[in-house]
Amino acid sequence: MPFWLMKSEPAELSIADLQRLGQARWDGVRNYQARNFLRGMQVGDLFFFYHSSCAVPGIAGIARIERAAYPDPSALDPHSHYFDAKASSEKNPWSAVDVAFVEAFPEVIRLPQLKAQSALTALPLVHKGSRLSVMPVSTDEWQAILALR
DNA sequence: GCCAACGTTGGC
DNA sequence: GCCAACGTTGGC
C-alpha cells in the first residue's frame with residue numbers, strides 16, 4: 001500500500017480539525033504534479049499530515065484516503081477561495097480526495113528534525129524551496145518518520 | 001515582512 | 001519554443 005505526505009495550512013484544516021470532524025474533503029490542490037499524485041491514491045492509503053505556513057511547520061499526524069480522486073467541486077464554486085474560472089462541470093482539471101483521521105502525534109515532528117534525517121534526503125519536503133504539496137513517501141521514509149514520533 | 005524558489009503566463 | 005515578468009508558496 002503506497003504512502004504519501006500532504007501539506008495543509010492548519011488555519012484551513014489542522015490534524016485537530018480532522019480529528020474532530022472524523023472525515024474531510026481534501027480539495028484546493030492547484031498544481032499539476034500534486035494533482036497527478038492525488039489521482040494515484042487508492043482507498044486505504046495512509047499519509048502524513050503536514051502543517052505548513054504556521055508557527056511550527058512539521059508532521060502532525062496520520063490520515064487515510066477514504067475516497068479516491070474525483071472532480072474537485074471547489075473549482076466550480078465562485079465563492080470558493082479555490083475557484084477556477086477556466087474549470088467547468090464538463091471539463092474540471094482539478095481533483096479532490098476524501099480523507100479520514102487516523103492518528104495525531106503527541107508532538108509535531110518539526111521540519112528541522114526531518115531535515116536532519118539522512119533517510120529523508122530524497123523527500124521533496126526537505127528540499128529548500130520545495131513547494132510540492134502532495135508527494136509519495138517510500139516505505140523506508142515512512143518507517144524513518146514513524147520512528148521520530 | 002522578507003525573500004528564495006518555483007510554476008505559470010504571455011509576448012515575441 | 002524561449003524566456004522575462006509575475007504571482008504564489010512557505011520557511012524564517
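Just so we're on the same page: letters track the sequence lines, and every chain starts at 1. The model shown is predicted, which means the values in this text are computed figures rather than measured ones.
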Test: A/Arg25 and A/Asp72 ion pair at under 4.0 Å: no
B/S/- contact track for nucleotides 4-12 of chain C, protein heavy atom under 4.0 Å: ---BBBBSS
Residue pairs fulfilling side-chain hydrogen bond (donor to acceptor under 3.5 Å, both in side chains) with at least one residue in residues 37-46 of chain A, sequence neighbours excluded: A/Trp4-A/Asp45, A/Arg39-A/Ser95
Distance (rounded to the nearest 0.5 Å) between A/Phe47 CZ and A/Arg64 CZ: 10.0 Å
side-chain hydrogen bond (donor to acceptor under 3.5 Å, both in side chains) contacts touching residues 101-122 of chain A (sequence neighbours left out): A/Glu103-A/Arg149
Those residues of residues 72-92 of chain A lying under 4.0 Å from DNA chain C by at least one heavy atom: none
Between A/Arg30 and A/Ser133: side-chain donor-acceptor atoms closer than 3.5 Å: no
Summary of ring-ring contact (aromatic ring centres under 6.0 Å, His included) pairs that have at least one residue in residues 49-87 of chain A, sequence neighbours excluded: A/Trp26-A/Phe49, A/Phe49-A/His51
Members besides A/Val56 in its Ile/Leu/Val/Met/Phe/Trp/Tyr cluster (side-chain heavy atoms under 4.5 Å): A/Val108
